[in-house]
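Quick note on labels: first sequence line is chain A, next is B, and so on, each numbered from 1.
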Amino acid sequence: MEKIRTRFAPSPTGYLHIGGARTALFNWLYTRHHDGEFILRIEDTDQQRSTDESTKAILDAMTWLGLNWDEGPYFQAHRVELHREMVQKLINEGKAYYCTCSPEELEEKRKQALATGKKPKYDGTCRDKNLKKTPGSVVRFRGEQSGVTIVEDIIKGNVIFNNEELDDLIIERGDGYPTYNFAVVIDDALMNITHVIRGDDHVNNTPRQILMYQALGFDVPKFAHVPMILGSDKTRLSKRHGATSVMAYKEMGFLPEALVNYLVRLGWAHGDQEIFSQKDLIDLFDLDAVGKSPAVFNPEKLLWLNAHYIKEASTERLKEEMKPLWPTGINTDDADFTRKVIADLQPRAKTLTELASMANFYFTDEIKYEEQAAKKFLTTDVSPHLRALVETISTVQNFSKEDIEIFLINFTKEKNIKFKIIAQPLRVALTGKTVSPGIDEVMTTLGKERVCRRIQNAINYIETQN
RNA sequence: GGUCCCAUCGUCUAGUGGUUAGGACGCUGGCCUCUCACGCCGGAAACCGGGGUUCAAGUCCCCGUGGGACUACCA
């Protein structure tokens with residue numbers, strides 16, 4: 001059997017968005033599963049809108065997601081000579097023709113057709129005029145006017161189109177550049193793409209593309225059109241629905257494996273399994289399990305997955321991932337300390353940025369007490385306990401979680417008080433908040449010195465308040 | 001308007017003619033507990049409607065309805 005070759009072909013007119021990322025992911029997984037080749041091609045034939053920044057942004061996002069490609073990136077604009085040759089070939093064979101209808105005329109006709117309830121397709125004005133190339137003229141593909149074209153789609157099954165519904169679309173623009181529908185056919189054919197996996201929004205283009213494959217004498221690849229990703233209002237996912245840029249998720253503190261795991265489950269499932277490692281996915285993914293219906297993007301579930309992967313990640317890895325995310329003013333030079341901080345917060349953070357903000361209190365002894373917390377827990381009746389704590393805590397030789405726990409238990413026994421009595425005051429003294437990781441965890445991470453200093457500060461604070 | 005696609009809890013989905021319709025997120029009750037989170041146990045929550053086919057339909061067919069995509073000298 002011939003080697004499977006797939007491609008991802010974004011246009012560099014913006015960042016890589018969620019929908020594009022899932023398309024890329026499906027291509028990549030299908031290819032890796034079948035031990036094929038994954039090609040990256042940048043569709044930059046729109047000279048007006050394509051930018052190098054976008055290309056770079058897309059490549060960065062692909063890399064971040066771990067979607068490595070075996071060939072490319074190829075740039076479609078570099079291949080225009082090839083496209084023009086093919087256009088010429090079609091013209092020579094009478095399968096394409098020059099057209100001099102102006103965009104304005106066309107627009108006018110379209111409006112009229114729509115107004116009178118007719119289909120707004122090209123009316124064939126220049127179809128049989130046998131015109132020559134003139135400045136500004138375009139080239140149209142001479143489509144079949146009768147019969148049917150069947151798209152054999154791996155996901156959707158056979159989709160049948162009446163050829164009369166298809167109009168003669170432009171394959172070369174006035175500026176001499178090919179249009180998408182033509183360039184994509186030429187490139188996919190010449191790059192020996194065996195499986196075209198792309199968004200649902202392309203199905204209506206597919207019959208016309210098939211006609212072009214046939215006109216050019218190329219083999220028609222297999223198609224798989226994956227359903228759209230929708231926003232909460234069930235319309236196509238867009239900026240209105242929130243962040244749609246892949247890299248925005250990186251900046252918001254998401255782990256790539258969380259996003260990958262989330263995206264793959266939009267339209268694909270493997271029984272009841274929710275958590276998939278990259279290896280799982282390569283082993284299990286196939287197109288036959290991809291569903292037909294569109295999926296609504298659900299940030300809550302993505303958050304849950306992210307929390308899961310943060311818990312799973314090694315602290316060392318997280319320390320690296322956190323580097324660009326620490327707020328300014330936080331000094332993470334003490335690698336050992338930073339690691340401990342992360343370890344404390346790891347099971348509690350849904351995103352890395354959330355982790356960063358939760359970590360604030362670790363890095364400064366100048367604790368800002370939450371107003372309600374201080375009022376409720378930093379009171380005169382607890383200061384004797386806090387005093388006693390500072391005095392005896394030096395007896396803890398090994399400032400480990402275990403020894404601290406033992407110390408605290410003994411302490412409350414001696415004082416004949418419940419742990420609850422000092423837990424919250426102590427927490428507020430150490431963190432400024434009523435919510436934090438366990439007292440023992442916080443204390444061992446902070447270390448004896450900081451702990452003593454902070455308790456002393458709290459005692460002083462109580463005094464100044466009264 | 002035309003063409004095409006889609007339809008199981010709020011959301012993501014399992015389900016390939018016979019199930020108490022399963023799982024996950026979220027929501028929620030409880031347990032755990034120094035707070036929170038995690039974790040564990042439990043709960044509410046779905047087959048769009050109508051016709052067929054069949055002994056039997058969420059599953060097959062048709063028609064509605066609803067939603068989406070496309071309808072560019074964008075990709």
Side-chain angles (χ1 to χ4, degrees), chain A residues 9-13 43-46 48-50 76 99 101-103 106-107 110 113-121 136-140 151 153 155-156 159-162 165-167 169-181 183-184 198-207 225 227-228 230 232 234-236 262 265-275 291-305 307-308 311 345-350 358 373 377 405 408 412 418-428 431 433-440:
Chain A
S11 66
T13 54
E43 310 233 315
D44 55 350
T45 51
D46 185 342
Q48 311 300 320
R49 303 197 302 151
S50 299
Q76 201 159 52
C99 169
C101 297
S102 72
L106 259 18
E107 185 55 34
R110 214 189 328 275
L114 230 39
T116 55
K118 290 193 205 120
K119 55 189 70 171
K121 63 181 252 189
S137 66
V138 302
V139 179
R140 284 183 186 273
V151 178
D153 195 280
I155 293 170
K156 294 180 182 301
V159 185
I160 302 166
F161 292 85
N162 281 316
E165 298 295 340
L166 281 21
D167 56 354
L169 48 79
I170 293 171
I171 58 177
E172 189 178 282
R173 289 188 278 240
D175 65 4
Y177 278 86
T179 56
Y180 163 74
N181 277 294
V184 77
R198 72 214 325 185
D200 219 349
D201 47 340
H202 290 280
V203 272
N204 285 304
N205 288 327
T206 310
H225 288 97
M228 301 276 88
L230 274 24
S232 51
K234 307 249 183 154
T235 64
R236 190 180 175 149
Y262 179 71
R265 287 284 291 101
L266 251 31
W268 177 84
H270 184 259
D272 284 342
Q273 192 172 341
E274 293 288 349
I275 304 295
K292 297 178 175 186
S293 46
V296 174
F297 185 79
N298 179 214
E300 298 283 306
K301 189 159 181 179
L302 171 57
L303 226 33
W304 171 73
L305 278 163
H308 169 82
K311 283 186 205 84
L345 267 12
Q346 228 175 313
R348 295 173 164 78
K350 285 194 159 70
M358 289 193 299
F377 296 111
E405 198 182 340
L408 288 173
T412 52
K418 294 251 191 229
F419 182 53
K420 276 180 187 284
I421 301 294
I422 55 161
Q424 285 302 71
L426 193 49
R427 188 187 311 283
V428 175
T431 71
K433 301 184 289 187
T434 52
V435 172
S436 82
I439 298 281
D440 45 4

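- Across the P atoms, B:rC60 and B:rA24 are found 26 Å apart, a figure rounded to whole Å.
- Searching all strands for a Watson-Crick or G-U wobble partner of B:rU16 with both distances below 3.5 Å returns nothing.
- In this structure the side chain of A:N181 never reaches within 4.5 angstrom of the side chain of A:I170, judged on heavy atoms.
- Here A:F297 lies out of heavy-atom contact (under 4.0 Å) with every strand.
- Base contact: A:N205 has a heavy atom under 4.0 Å from a base atom.
- Spacing of C1' atoms, B:rG10 relative to B:rG50, comes out at 26 Å, to the nearest Å.
- Using a 4.0 Å heavy-atom cutoff across all strands shown, A:I439 reaches at least one base atom of the nucleic acid.
- Between atom CG of residue A:L166 and atom CG of residue A:N205 there is a gap of 9.5 Å, rounded to the nearest 0.5 Å.
- Within the 4.0 Å cut-off from OP1 or OP2 of B:rA37, not a single side-chain nitrogen or oxygen of A:K311 is found.
- Of the candidate nucleotides B:rA24, B:rC34, B:rU13, B:rA24 has the atom nearest to the side chain of A:W304.
- Of the listed nucleotides (B:rU13, B:rU11, B:rG1), B:rU11 has the atom at the smallest distance from the side chain of A:N298.
- For A:T235, the listed nucleotide lying nearest its side chain is B:rG68; candidates were B:rC4, B:rG68, B:rU35.
- In the set B:rU13, B:rU35, B:rA75, B:rA75 carries the atom at the smallest distance from any side-chain atom of A:S11.
- Look at NZ on A:K121: it is 12 Å from P on B:rU3, rounded to the nearest Å.
- Here, B:rC48 and B:rU65 have their C1' atoms 7 Å apart, quoted to the whole Å.
- Within the model, atoms CG of A:L426 and CD1 of A:I421 stand 13.0 Å from one another, a figure rounded to the nearest 0.5 Å.
- Residue A:R265 is the one, among A:R265 and A:R110, whose nearest nucleotide of RNA chain B lies closer to the 5' end (criterion: closest heavy atom).
- A donor-acceptor distance shorter than 3.5 angstrom exists from the side chain of A:R427 to the backbone of A:P437, with no hydrogens or angles considered.
- The residue A:E300 sits close only to the backbone: its heavy atoms come under 4.0 Å of sugar-phosphate atoms, none of a base.
- Contacts of A:V138 with the nucleic acid, taken as non-hydrogen atoms under 4.0 Å apart, include base atoms.
- Under the 4.0 Å criterion applied to side-chain N and carboxylate O atoms, A:R140 and A:D167 are not assigned as salt-bridge partners.
- Note: CG (A:D440) to P (B:rC36) measures 15 Å, nearest angstrom.
- Using a 4.0 Å heavy-atom criterion, one finds that A:P294 contacts the sugar-phosphate atoms exclusively.
- Comparing B:rC6 with B:rC47, their C1' atoms are spaced 15 Å from each other, to the whole Å.
- OP1 or OP2 of B:rC6 lies within a sub-4.0 Å distance of a side-chain N or O belonging to A:K292.
- Taking atom C1' on both nucleotides, B:rG43 is separated from B:rA57 by 30 Å, rounded to a whole Å.
- Across all strands shown, B:rU35 forms no Watson-Crick or G-U wobble pair with both key distances under 3.5 Å.
- For an aromatic pair to be called close, the ring centres must be under 6.0 Å apart, and A:H202 with A:Y180 satisfies this.
- With both pairing distances under 3.5 Å, B:rU65 is matched to B:rA7 as a Watson-Crick or G-U wobble pair.
- Distance, A:N181 CG to B:rA72 C1': 10 Å, rounded to whole Å.
- The interatomic distance linking A:D272 (CG) with B:rC12 (P) rounds to 17 Å, in whole Å.
- One distance of note links CD of A:Q76 with CG of A:D46; it measures 11.0 Å at 0.5 Å rounding.
- A:S232 comes within 4.0 angstrom of nothing in the nucleic acid, heavy atoms only.
- The residue A:H270 sits apart from the nucleic acid: no heavy atom pair falls under 4.0 Å.
- Applying the 3.5 Å distance criterion, the base of B:rG23 shares no donor-acceptor pair with the side chain of A:Q273.
- Between B:rC32 and B:rG68, the distance separating the two C1' atoms is 46 Å to the nearest Å.
- Atom CG of A:L303 and atom C1' of B:rC27 are 15 Å apart (whole Å).
- Spacing of P atoms, B:rU16 relative to B:rU59, comes out at 13 Å, to the nearest Å.
- Of the C1' atoms belonging to B:rC38 and B:rU19, the separation is 34 Å, rounded to the nearest Å.
- The separation between A:N204 atom CG and B:rU3 atom P is 11 Å, rounded to whole Å.
- With a cut-off of 3.5 Å on both pairing distances, B:rA45 has no Watson-Crick or G-U wobble partner at all.
- Nucleotide B:rC40 is matched to B:rG30 when pairs are restricted to Watson-Crick or G-U wobble geometry with both distances under 3.5 angstrom.
- If you check distances only, the side chain of A:R348 does reach the base of B:rC36 with a donor-acceptor pair under 3.5 Å.
- Counting any heavy atom pair closer than 4.0 Å across all strands shown, A:S436 reaches a base atom.
- At most 12 heavy atoms of other shown residues, nucleotides or ligands fall within 6.0 angstrom of atom NE2 in A:H270.
- Here the P atom of nucleotide B:rC70 and the CG atom of A:D200 are 10 Å apart, to the nearest Å.
- Nucleic acid contact for A:G199: none, since no nucleic acid atom lies under 4.0 Å from a heavy atom of the residue.
- Looking only at side-chain heavy atoms (C-beta outward), A:V203 and A:V151 stay at 4.5 Å or farther from each other.
- Counting only heavy atoms from C-beta on, A:E165 has its side chain closest to B:rG2 among B:rC73, B:rG2, B:rC6.
- Comparing A:A423 and A:L302, the nucleotide of RNA chain B nearest to each residue sits closer to the 5' end for A:L302.
- Using a 4.0 Å heavy-atom criterion, one finds that A:T179 contacts the sugar-phosphate atoms exclusively.
- Of all nucleotides listed (B:rC4, B:rA24, B:rC34), B:rC4 comes nearest to the side chain of A:F161.
- Among the atoms of the strands shown, only primed sugar atoms or phosphate atoms (P, OP1, OP2) are found under 4.0 Å from some heavy atom of A:T45.
- Across the protein-nucleic acid pair, A:R427 atom CZ and B:rU33 atom C1' stand 10 Å apart, rounded to whole Å.
- For A:T206, the side-chain hydrogen bond (donor to acceptor under 3.5 Å, both in side chains) criterion is met by A:R198, A:H225, not counting sequence neighbours.
- Across all strands shown, A:P437 has heavy atoms under 4.0 Å from base atoms, whether or not it also approaches the sugar-phosphate.
- Within the nucleic acid shown, A:N162 has no heavy atom closer than 4.0 Å to any nucleic acid atom.
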